[in-house]
Amino acid sequence: MRKGISLLLCALLLLGVLSGCAQQSIDPDDGKLHIVTTIFAPYDFAREIGGEDVSVTMLLKPGSEVHSYEPSPKDIIAIRNADVFVYVGGESDVWVRDVLAGVDNPDLRVVTLMDCVQALEEETVEGMQGEEDHDHDHDHGEETEYDEHVWTSPKNAALICEKLADAFAAADPAHAETYAQRCGDYVEQLDALDAEFRNVVESSARKTVIFADRFPLRYFADAYGLTYFAAYPGCADAAEPSAATVAFLIDKVRTERIPVVFCIELSNQKLADTVCEATGAKKLQFSSCHNVTAAEFEDGATYLSIMRQNAAALREALN
C-alpha cells in the first residue's frame, strides 16, 4: 500500500495535478474553511461545529467499508487543498502517513482522532475467533497496537469535538468564537446522549451483549461497564469464524437467555443470522458510526440520530 501511495504521489506531482487540473470537491474561492475527513463520525462533528462557515468533504463514500478504501488522486488533491484534515490514526488509515509526507501545504492543520483521547490497547475477548492463538501481526513488530474506534464513546466524541473546534479556530480566527459556541452546544447534546446510555445500562436486567460480527465498540462498552462477546476483535478482516467461535456464541446466548444478537453496519450479517436461527434470538444492528449507507447519507443521518437508534437497540438487548 505504501509503495502504491508513494508512486501515486510522484505521478501527481510529475503531472502537476496537485495544482488543480483534476476535478475537485473543494472550491478555494467560496470563502469557507475547508475540512476533509476520512470517515463519517468526524465528518458529522465537523458539520456541527463548523456550520455555514465550513465546507466538509468525507473521503470514504457512503456505503463503503473503510478497510477496503484506497485514496484516489482526487482524494489526495482534496487533502492537499484542505485547511484542516481529520483522520483516525489507526491501522485502517495507515496510508495517511505517506500522503501527508508528500503533500506540500504548510498551512494544513491535521487532527488525529486517536491523539484526542486516551487510547486503549487492542484486546482479544472471549468468544472471538482464534482466541487462544490470535496474533495482531501488522507492520509494527513489537509495537503496541491500540483500538482505533475512539469516537464510539460519546464522552470521547466530546473531547474530539473540542479539539476540532480548536483546530478550526486556529485556521480561521475570525470565526473562533462561533466555533466554540457551536462546539459547546453540541457537547451538551453529547452529554445528554451519554446520560441516555447510562440510564439504559443502569436500569437494565443484564449487562452482557453479543456481537456475532466484528467488534469496533471497545470504547463504548468500557464507558458503560458492559461485558461483551464477539466473533472478531475490533475490525479484524477475518474471512470466516471458527466452528468453536460459532458454538461458543450460540451456547452463550442460550445459557444466558440473551434476547438480541448484534451485527454492525455494512456487514453481511451471515454469522448473526446463523446464531439467531440456532437460538431464536432477535438480530439487531448496532452502528459504530464509521460510515452510513448511501440512503442514510441522503436522508441526513447524523452521529446523534444513529447513536439514539443504538440506545433503543441496547435497551432491547439488555432486558
Side-chain angles (χ1 to χ4, degrees), residues 5 24-26 28 32-62 64 66-67 69-72 74-103 105-119 146-172 175-176 178-180 182-183 186-187 190 216 219 235 288-292 297 301-304 306-307:
I5 294 297
Q24 300 183 38
S25 299
I26 291 175
K32 296 186 177 184
L33 191 70
H34 298 117
I35 316 300
V36 173
T37 75
T38 51
I39 63 170
F40 179 75
Y43 168 81
D44 191 49
F45 299 157
R47 291 190 300 182
E48 293 288 345
I49 297 165
E52 69 275 8
D53 299 312
V54 304
S55 171
V56 189
T57 299
M58 182 172 73
L59 298 183
L60 185 65
K61 293 181 179 179
S64 300
V66 67
H67 299 88
Y69 167 80
E70 292 187 12
S72 68
K74 181 179 176 181
D75 294 339
I76 295 175
I77 293 167
I79 295 170
R80 188 267 182 187
N81 290 336
D83 296 303
V84 180
F85 174 57
V86 188
Y87 76 109
V88 177
E91 287 298 315
S92 65
D93 54 15
V94 67
W95 56 268
V96 169
R97 303 170 193 171
D98 288 326
V99 170
L100 292 180
V103 168
N105 180 0
D107 296 324
L108 176 65
R109 287 175 169 79
V110 178
V111 178
T112 307
L113 300 191
M114 291 182 69
D115 291 341
C116 297
V117 304
Q118 181 64 50
Y146 293 92
D147 192 306
E148 65 185 64
H149 308 92
V150 293
W151 64 88
T152 58
S153 157
K155 285 295 188 184
N156 277 359
L159 294 174
I160 290 168
C161 286
E162 289 168 356
K163 294 294 186 181
L164 291 177
D166 290 343
F168 295 0
D172 180 20
H175 295 99
T178 306
Y179 296 139
R182 291 198 194 101
C183 181
Y186 187 61
V187 166
L190 291 172
Y219 293 90
C235 273
S288 71
C289 295
H290 94 275
N291 202 3
V292 295
F297 190 83
T302 67
Y303 177 88
L304 290 175
I306 294 169
M307 292 297 276

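Treat the numbers as computed from the prediction; the structure is a model and nothing was measured.
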Short question: side chain of Arg182, backbone of Glu48 - any donor-acceptor pair under 3.5 Å? no
Value rounded to 0.5 Å, distance of SG in Cys161 from CD1 in Ile49: 4.0 Å
How long is the span from the CG atom in Asp83 to the CD1 atom in Ile35, to the nearest 0.5 Å? 6.5 Å
Do Asp53 and Phe168 come within less than 4.5 Å of each other through their side chains, counting heavy atoms only? no
Are the side chain of Asn156 and the backbone N or O of Val150 linked by a donor-acceptor pair below 3.5 Å? yes
Nearest non-hydrogen partners of Ser55 and Lys32, listed with the distance: N-CB, 4.0 Å
Can you find a heavy atom in the side chain of Val54 that is under 4.5 Å from one in the side chain of His175? no
So Val66 and Asp93, side-chain contact (heavy atoms from CB on, under 4.5 Å) or not? Walk me through it. CA-CA 8 Å; Val66 67; Asp93 54 15; over 6 Å; no
Roughly how far, to the nearest 0.5 Å, is CE of Met307 from OG of Ser153? 7.5 Å
Residues Pro71 and Ile76: closest non-hydrogen pair is CB-CG1, 4.3 Å
For the residue pair Val111 and Ala167, what are the closest heavy atoms and their distance? CG2-CB, 3.7 Å
Once the angle between the rings of Tyr303 and Phe45 is folded into 0 to 90°, is it parallel (under 30°), tilted (30 to 60°) or perpendicular (over 60°)? perpendicular
Please round to the nearest 0.5 Å and tell me the distance separating atom OH of Tyr87 and atom CD of Glu148. 11.5 Å
What I'd like to find out is whether the side chain of Phe85 reaches to under 4.5 Å of the side chain of Thr38, using heavy atoms alone. yes
Got a donor-acceptor contact below 3.5 angstrom from the Asn105 side chain to the Asn81 backbone? no
Where do Ala171 and Val84 come nearest, in terms of heavy atoms and distance? CB-CG2, 4.2 Å
I'd like to know if the side chain of Thr37 and the backbone of Ile39 have a donor-acceptor N/O pair within less than 3.5 Å. yes
Nearest heavy atoms of Asn291 and Ser64, plus distance in Å: ND2-O, 2.8 Å
Could you give the distance from CG (Leu113) to CG (Leu164), rounded to the nearest 0.5 Å? 7.0 Å
Ring centers of Tyr43, Phe297 separated by less than 6.0 Å: yes
Taking the side chain as every heavy atom from C-beta outward, state whether His290 and Leu60 have any pair of such atoms under 4.5 Å apart. yes
Nearest 0.5 Å, what's the OG1-CG distance between Thr152 and Asp147? 7.5 Å
For the pair Asp75 (side chain) and Leu59 (backbone), establish whether a donor and an acceptor sit closer than 3.5 Å, ignoring hydrogens and angles. no
Beyond-backbone contact of Trp151 with Val88, side-chain heavy atoms, under 4.5 angstrom: yes
Salt-bridge criterion met for Arg47 and Asp44 (N-O under 4.0 Å): yes
Over all heavy atoms of both residues, which pair between Ile160 and Cys116 is shortest? Give the atoms and the distance, please. CG1-CB, 3.9 Å
